[in-house]
Amino acid sequence: MSGVAIVTGGSRGIGRAAAILLAERGYDVVVNYQANAQAAAETVAAVEALGRRGAAVRGDVGSEADVLAIFAAADALGRLTALVNNAGVVDRPQRIDEMSVERLERMFRINLTGSFLCAREAVKRMSTRHGGQGGGIVNLSSAAAVLTAAGQYVDYAASKAGIDVFTLGLAREVAAEGIRVNAVRPGIIDTEIHASGGLPDRVAQMRDQLPMKREGTAHEVALAIAWLLSDEASYTNGSVLNVTGGR
Ligand code: NAP
């Protein structure tokens with residue numbers, strides 16, 4: 001099912017890889033980003049080089065007004081058939097007894113509320129209950145949801161565990177309305193997210209402890225996302241697919 005896909009946080013990392021792969025698979029793609037307009041423009045250029053239409057929309061997924069603007073941009077391109085709830089943040093390593101309320105609110109607002117708001121808008125457009133013709137949603141969980149990230153960022157891990165429950169609950173709510181909802185649970189993937197949490201060497205430091213002795217690539221995660229959105233996954237619903245190299 002092609003059509004229009006929204007990839008939140010599509011300017012860099014896993015989101016960029018997903019945007020480009022979905023364009024390869026025939027989707028027009030709205031690339032949302034928070035601040036890095038140059039990176040978003042590069043992703044859009046890659047989408048357009050594949051012969052698809054692309055649009056970059058700045059916006060914080062944790063802001064309802066911004067989410068509405070992202071979806072309005074998608075409406076201008078055509079029928080929304082896919083949402084990749086990819087935008088997500090980590091924070092500096094801290095124990096729970098050090099965490100400020102500001103930190104906690106930011107973490108849950110972006111990682112959880114943002115995904116809920118985007119899914120809400122997607123369901124309004126895709127659900128047969130609302131006159132839509134169906135679609136697919138893929139949420140980005142994390143291996144941290146299972147491993148807890150104790151001593152590093154349990155708030156992040158908890159937000160991703162919330163994504164797991166959100167995925168199954170939403171999948172059940174809209175299963176009879178033409179929408180499948182799944183999640184991917186990446187392990188250690190080579191993107192800039194680790195540096196954004198103050199740990200630029202995290203991937204290199206962990207490499208030898210990983211079962212496959214290497215990190216994953218954003219493209220490897222994107223392949224799982226694209227499969228979950230595809231008709232090949234037509235009976236896969238409410239699933240959380242580990243893309244962790246066995247971690
Ligand atoms: P990344 O390289 O840090 O990229 C983050 C992307 O999200 C960027 O496009 C960024 O936009 C955007 N973004 C950040 N905050 C946003 C907000 N409030 N609203 C909208 N967009 C926002 O991240 P990544 O590693 O690709 O991670 C993507 C997803 O996979 C996240 O949900 C993450 O938790 C999950 N994940 C990643 C790993 C990993 O090892 N990399 C492992 C497990 C799960 P700008 O470019 O404008 O800053």
Side-chain angles (χ1 to χ4, degrees), residues 6-21 29-44 56-67 69-71 73 83-91 105-118 138-149 152-153 155-164 166-167 183-200 202-207 210 214-222 224-225 240-245 247:
I6 292 175
V7 181
T8 66
S11 49
R12 295 181 288 117
I14 293 168
R16 169 183 280 182
I20 294 171
L21 186 59
V29 185
V30 171
V31 176
N32 153 253
Y33 66 102
Q34 158 127 64
N36 196 333
Q38 175 65 31
E42 288 171 13
T43 307
V44 168
V57 185
R58 202 211 72 76
D60 177 354
V61 295
S63 153
E64 184 173 35
D66 287 3
V67 167
I70 295 164
F71 279 78
L83 166 66
V84 183
N85 255 330
N86 168 78
V89 293
V90 295
D91 210 321
E105 284 178 352
R106 169 182 175 268
M107 184 68 70
F108 295 123
R109 183 178 58 78
I110 295 174
N111 290 3
L112 265 180
T113 304
S115 293
F116 270 75
L117 289 173
C118 290
V138 174
N139 301 318
L140 268 290
S141 176
S142 168
V146 180
L147 300 172
T148 79
Q152 200 157 56
Y153 28 62
D155 52 348
Y156 172 77
S159 76
K160 294 300 184 177
I163 288 291
D164 290 0
F166 163 62
T167 298
V184 292
R185 191 186 277 147
I188 300 293
I189 310 299
D190 185 20
T191 73
E192 293 165 352
I193 199 168
H194 312 287
S196 74
L199 301 171
R202 183 165 182 247
V203 173
Q205 283 168 356
M206 294 196 66
R207 191 170 288 139
L210 300 175
R214 70 165 180 89
E215 66 276 23
T217 66
H219 180 66
E220 288 174 307
V221 181
I225 294 168
V240 182
L241 178 57
N242 282 348
V243 186
T244 61
R247 184 170 176 233

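When a ligand or atom number is given, it counts from 1 through the structure's own listing order. When reading the values below, keep in mind they use all heavy atoms of this one structure, side chains included, and skip hydrogens, waters and symmetry mates.
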Exercise for the section: Consider ligand 1: state whether an atom of it lies below 4.0 angstrom from any non-hydrogen atom of Arg58. Expected result: no
Practice task
Work out which heavy atom in Tyr153 is nearest to a heavy atom in Asp91; give both atom names and the distance.
Solution key: CD2-O, 3.2 Å
Fill in the blank from the handout: Closest to atom 17 (C) of ligand 1 (heavy atoms only, candidates Gln38, Arg106, Gln34) is Gln34
Problem - Partner of Val90 by side-chain contact (heavy atoms from CB on, under 4.5 Å), out of Asp155, Leu199, Ile193, Asn111 - result: Ile193
Problem - Any N or O of Ser142 closer than 3.5 Å to N or O of ligand 1 - result: no
Exercise for the section: Name the option, out of Ile225, Asn86, Leu140, that contains the heavy atom nearest to atom 31 (C) of ligand 1. Expected result: Asn86
Fill in the blank from the handout: So the atoms of ligand 1 within less than 4.0 Å of a heavy atom of His194 turn out to be 39 (C), 40 (O), 41 (N)
Practice task
Could you find the nearest protein heavy atom to atom 18 (N) of ligand 1 and give me its residue, atom name and distance?
Solution key: Asp60 OD1, 2.9 Å
Exercise for the section: Specify the protein heavy atom at minimum distance from atom 40 (O) of ligand 1: its residue, its atom name, and the distance to 0.1 Å. Expected result: Ile189 N, 2.9 Å
Completion exercise
Closest to atom 45 (P) of ligand 1 among protein heavy atoms sits Ser11 OG, 3.4 Å
Problem - Tyr156 versus Met107, closest heavy-atom pair with distance - result: CA-SD, 3.8 Å
Handout entry: Residue-ligand contact Lys160/ligand 1, heavy atom below 4.0 Å
Key = yes
Exercise for the section: Look at atom 37 (C) of ligand 1 and say which protein heavy atom is nearest, naming residue and atom and giving the distance to 0.1 Å. Expected result: Ile14 CD1, 3.8 Å
Problem - ligand 1 to Val61 polar contact by distance, N or O atoms, under 3.5 Å - result: yes
Exercise for the section: Would you kindly say whether Asn139 and Ser115 are connected by a side-chain donor-acceptor distance under 3.5 Å? Expected result: no
Fill in the blank from the handout: atom 36 (N) of ligand 1 sits nearest the protein heavy atom Tyr156 OH, 3.6 Å
Practice task
Within a distance under 4.0 Å of any heavy atom of Glu192, pick out the atoms of ligand 1 and give their elements.
Solution key: 2 (O)
Fill in the blank from the handout: For atom 27 (O) of ligand 1, the closest protein heavy atom turns out to be Ile193 CD1, 3.9 Å
Handout entry: Member of Ile20, Val29, Asn32, Val138 meeting the side-chain contact (heavy atoms from CB on, under 4.5 Å) criterion with Val7
Key = Val29
Practice task
Could you check if a side-chain atom of Arg202 sits within less than 4.5 angstrom of a side-chain atom of Ile188, using non-hydrogen atoms only?
Solution key: yes
Completion exercise
One should read off an interatomic distance between Arg185 CZ and Thr244 OG1, to the nearest 0.5 angstrom, of 8.5 Å
Exercise for the section: Please confirm whether Ala143 comes under 4.0 Å of ligand 1, counting heavy atoms of the residue only. Expected result: no
Problem - Nearest-option assignment for atom 12 (C) of ligand 1, heavy atoms, candidates Gly9, Ser63, Gly187, Ala37 - result: Gly9
Problem - Main-chain N/O of Asp60 paired with Asp66 side-chain donor or acceptor, under 3.5 Å - result: yes
Fill in the blank from the handout: Logged contact type for Thr8 with ligand 1, heavy-atom cut-off 4.0 Å, is neither
Problem - Contact partition for Ala39 relative to ligand 1, non-hydrogen atoms under 4.0 Å - result: neither
Practice task
Report yes if some heavy atom in the side chain of Asp190 is under 4.5 Å from a heavy atom in the side chain of Thr217; otherwise report no.
Solution key: no
Problem - Residue part near ligand 1, for Ile110, under 4.0 Å between non-hydrogen atoms - result: side chain
Problem - Minimal non-hydrogen separation, Ser142 against Lys160, with atom names - result: CB-CG, 3.6 Å
Exercise for the section: Give a yes/no verdict on whether any heavy atom in Gly59 is under 4.0 Å from an atom of ligand 1. Expected result: yes
Exercise for the section: Look up atom CG in Asn85 and atom OG in Ser141, then write down how far apart they are to the nearest 0.5 Å. Expected result: 12.0 Å
Problem - Element-labelled atoms of ligand 1 that are located less than 4.0 Å from some non-hydrogen atom of Gly88 - result: 31 (C), 32 (O)
Exercise for the section: Mark up the atoms of ligand 1 that fall under 4.0 Å of a heavy atom belonging to Asn32, in ascending order. Expected result: 20 (C), 21 (N)
Fill in the blank from the handout: Near Asn36 (heavy-atom distance under 4.0 Å), the atoms of ligand 1 are 45 (P), 46 (O), 47 (O)
Fill in the blank from the handout: for atom 24 (P) of ligand 1, nearest protein heavy atom and its distance come out as Thr191 OG1, 3.6 Å
Exercise for the section: Please answer whether the main-chain N or O of Tyr33 pairs with a side-chain N or O of Arg58 as donor and acceptor at a distance below 3.5 Å. Expected result: no
Practice task
Nearest 0.5 Å please: distance from the CZ atom of Arg12 over to the CD atom of Gln38.
Solution key: 12.5 Å
Handout entry: Gly13 neighbourhood, listing ligand 1 atoms whose heavy-atom distance to it stays under 4.0 Å
Key = 2 (O), 26 (O)
Exercise for the section: Measure Ser141 to ligand 1 on non-hydrogen atoms and call it side chain, backbone, both or neither using the 4.0 Å cut-off. Expected result: backbone
Completion exercise
Closest heavy-atom pair, Val221 versus Pro186, reported as atoms and distance to 0.1 Å, is CG1-CG, 4.0 Å
Handout entry: Min side-chain heavy-atom separation Arg247-Met206 under 4.5 Å
Key = yes
Handout entry: Nearest option to atom 48 (O) of ligand 1, as decided by whichever heavy atom of Arg202, Arg12, Arg185 sits closest
Key = Arg12
Practice task
Any chance you could measure Glu220, atom CD, to Ile14, atom CD1, to the nearest 0.5 Å?
Solution key: 11.0 Å
Handout entry: Gap between atom CG of Leu117 and atom OG1 of Thr8 - 0.5 Å precision
Key = 11.5 Å
Handout entry: Ala35 near ligand 1 by a heavy-atom separation under 4.0 Å
Key = yes
Practice task
Return a yes/no value for Tyr33: is any of its N or O atoms, backbone included, closer than 3.5 angstrom to an N or O of ligand 1?
Solution key: no
